[in-house]
2 protein chains.
Amino acid sequence: MASILPRPGQPVRGSKSGKPIMALFDLLGRTWALGAIWQLSRGAMTFRELQAACEGVSPTVLNRRLKELTASGLVERAERGYRLSDAGRDLFGLLHPLGGWSETWAARMAEQDAGQPRPGGQGETA
Amino acid sequence: MASILPRPGQPVRGSKSGKPIMALFDLLGRTWALGAIWQLSRGAMTFRELQAACEGVSPTVLNRRLKELTASGLVERAERGYRLSDAGRDLFGLLHPLGGWSETWAARMAEQDAGQPRPGGQGETA
DNA sequence: ATTGACGCTACCGATTTGGTAGCGCATGGA
DNA sequence: TCCATGCGCTACCAAATCGGTAGCGTCAAT
């Protein structure tokens with residue numbers, strides 16, 4: 001496996017300092033890492049249930065994320081599939097407010113778009 | 001430019017639903033997006049100062065992130081360089097606790113490694 | 001024995017990353 | 001004026017990651 005498992009105290013992708021916050025950002029800064037945690041916060045799910053909940057993310061990527069999150073102690077195996085560990089639930093507690101914030105953000109962006117239709121729009125319809 | 005700008009209400013990389021939280025996760029789930037916000041929370045910085053603060057991230061990536069974060073209203077230009085917008089500071093307020101959490105996480109991981117040196121260790125020294 | 005669901009892997013094209021070099025511009029001396 | 005410095009930023013390219021399809025081996029139930 002080419003990818004490294006981000007761990008605090010170790011150099012990680014994009015950061016050589018090994019600062020915990022940077023290791024965390026590296027871990028979470030991969031596709032569907034945050035999304036998987038978000039979905040798993042609702043309870044244990046099988047691999048394929050989680051895959052469906054994540055809008056059909058490819059098993060390749062999902063499995064990579066699950067391995068990383070498991071190795072990082074945020075996710076663990078359940079009798080049936082996967083679930084957040086204590087640490088994972090703990091982290092989700094901090095992430096949870098982002099849900100509400102993102103709604104506000106969305107409203108603010110929509111408002112801004114209404115006022116100024118972004119003439120040089122970038123790939124919005126791509 | 002091939003990359004799309006994640007915006008709530010629009011399909012984004014990895015998510016077709018357009019749910020605000022998924023757009024946010026896409027925006028933040030790119031290398032140095034969270035890191036840049038983290039560094040900028042300390043105040044306005046020039047491009048090159050920020051680059052240095054982010055451990056010498058390549059200007060290519062930094063500029064991409066800055067464009068995305070600016071278009072998303074989280075970052076804005078300052079007289080000298082860049083700074084967090086009100087929304088960006090707002091978001092940082094929610095992200096801030098991750099700093100402390102990551103320290104706890106790091107300690108927990110170190111402890112676990114001490115107890116069990118991870119026989120099948122994965123790329124820890126890579 | 002067949003069907004179905006499970007977790008997961010191989011394979012591979014498309015996209016993103018991350019690094020070096022250097023551009024055009026502005027400021028500030030000498 | 002010429003030169004040096006710092007600014008934001010881009011071109012170019014190799015390496016890594018993403019993301020999609022197909023399908024494996026296992027297990028339980030029919």
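All heavy atoms count here, side chains included; hydrogens, waters and symmetry mates do not. Residue numbering restarts at 1 for every chain, and letters A, B, ... go by the order of the sequence lines.
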I need the [atom1]-[atom2] distance between [X] and [N], as an integer number of Å.
| X | N | atom1 | atom2 | answer |
| --- | --- | --- | --- | --- |
| B/Leu66 | C/dT17 | CG | P | 14 Å |
| A/Leu34 | D/dC18 | CG | P | 13 Å |
| A/Asp26 | D/dA16 | CG | P | 15 Å |
| B/Trp32 | C/dG19 | CH2 | C1' | 15 Å |
| A/Gln51 | D/dA22 | CD | P | 14 Å |
| B/Arg64 | D/dA11 | CZ | C1' | 12 Å |

Exercise. Atom CG in B/Leu28, atom CG in B/Leu34: separation rounded to 0.5 Å?
Worked result: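 Atom-to-atom, B/Leu28:CG and B/Leu34:CG are 5.0 Å apart.
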Exercise. How many angstroms lie between atom CG of B/Leu24 and atom CH2 of A/Trp38, to the nearest 0.5 angstrom?
Worked result: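 Output value for this atom pair is 9.0 Å.
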Below 3.5 Å between N/O atoms, which protein atoms pair up with nucleotides 3-7 of chain C? Just atom names and distances, please.
unit_1, atom_1, unit_2, atom_2, d
C/dC6, N4, A/Arg48, NH2, 3.1
C/dG7, OP1, A/Phe47, N, 2.5
C/dG7, OP2, A/Phe47, N, 2.9
C/dG7, OP2, A/Arg48, N, 3.0
C/dG7, N7, A/Arg48, NE, 3.3
C/dG7, N7, A/Arg48, NH2, 2.9
C/dG7, O6, A/Arg48, NH2, 2.5

Please state whether the phosphate of [N], meaning OP1 or OP2, lies under 4.0 angstrom from any side-chain nitrogen or oxygen of [X].
| X | N | result |
| --- | --- | --- |
| B/Arg65 | C/dT17 | yes |
| B/Thr31 | C/dT17 | yes |
| A/Arg30 | D/dC18 | no |

Problem set entry | Closest to the A/Val61 side chain, choosing from C/dG18, D/dG19, C/dA21 |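 The listed nucleotide nearest to A/Val61's side chain is D/dG19.
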For this session: Name the closest nucleotide to the B/Lys67 side chain, picking from C/dT9, D/dG19, D/dT10.
Result: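 From the listed options, D/dT10 comes nearest.
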Just list the side-chain donor-acceptor pairs under 3.5 Å for residues 47-54 of chain B, sequence neighbours left out, or say none.
unit_1, atom_1, unit_2, atom_2, d
B/Glu49, OE1, B/Thr46, N, 3.0
B/Glu49, OE2, B/Arg80, NH2, 2.8
B/Gln51, NE2, B/Val57, O, 3.0

For this session: Give every residue pair that meets the side chain to side chain donor-acceptor pair (under 3.5 Å) criterion with at least one member in residues 88-101 of chain A, sequence neighbours excluded.
Result: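 Checked against side chain to side chain donor-acceptor pair (under 3.5 Å) - neighbours excluded - the pairs reaching residues 88-101 of chain A are A/Asp86-A/Arg89, A/Asp90-B/Trp101, A/Trp101-B/Asp90.
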Exercise. With sequence neighbours left out, what residues match B/Glu103 under side chain to side chain contact (heavy atoms under 4.5 Å, CB included)?
Worked result: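 For B/Glu103 the side chain to side chain contact (heavy atoms under 4.5 Å, CB included) partners, ignoring immediate neighbours, are A/Pro20.
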For this session: Go through the structure and list residues passing side chain to side chain donor-acceptor pair (under 3.5 Å) with A/Arg108, not counting sequence neighbours.
Result: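 Listed in chain order: nothing, the list is empty.
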Exercise. Considering residues at least two apart in sequence or located in another chain, which fulfil the side chain to side chain donor-acceptor pair (under 3.5 Å) criterion with B/Asn63?
Worked result: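 In terms of side chain to side chain donor-acceptor pair (under 3.5 Å), with neighbours along the sequence ignored, B/Asn63 is linked to no residue.
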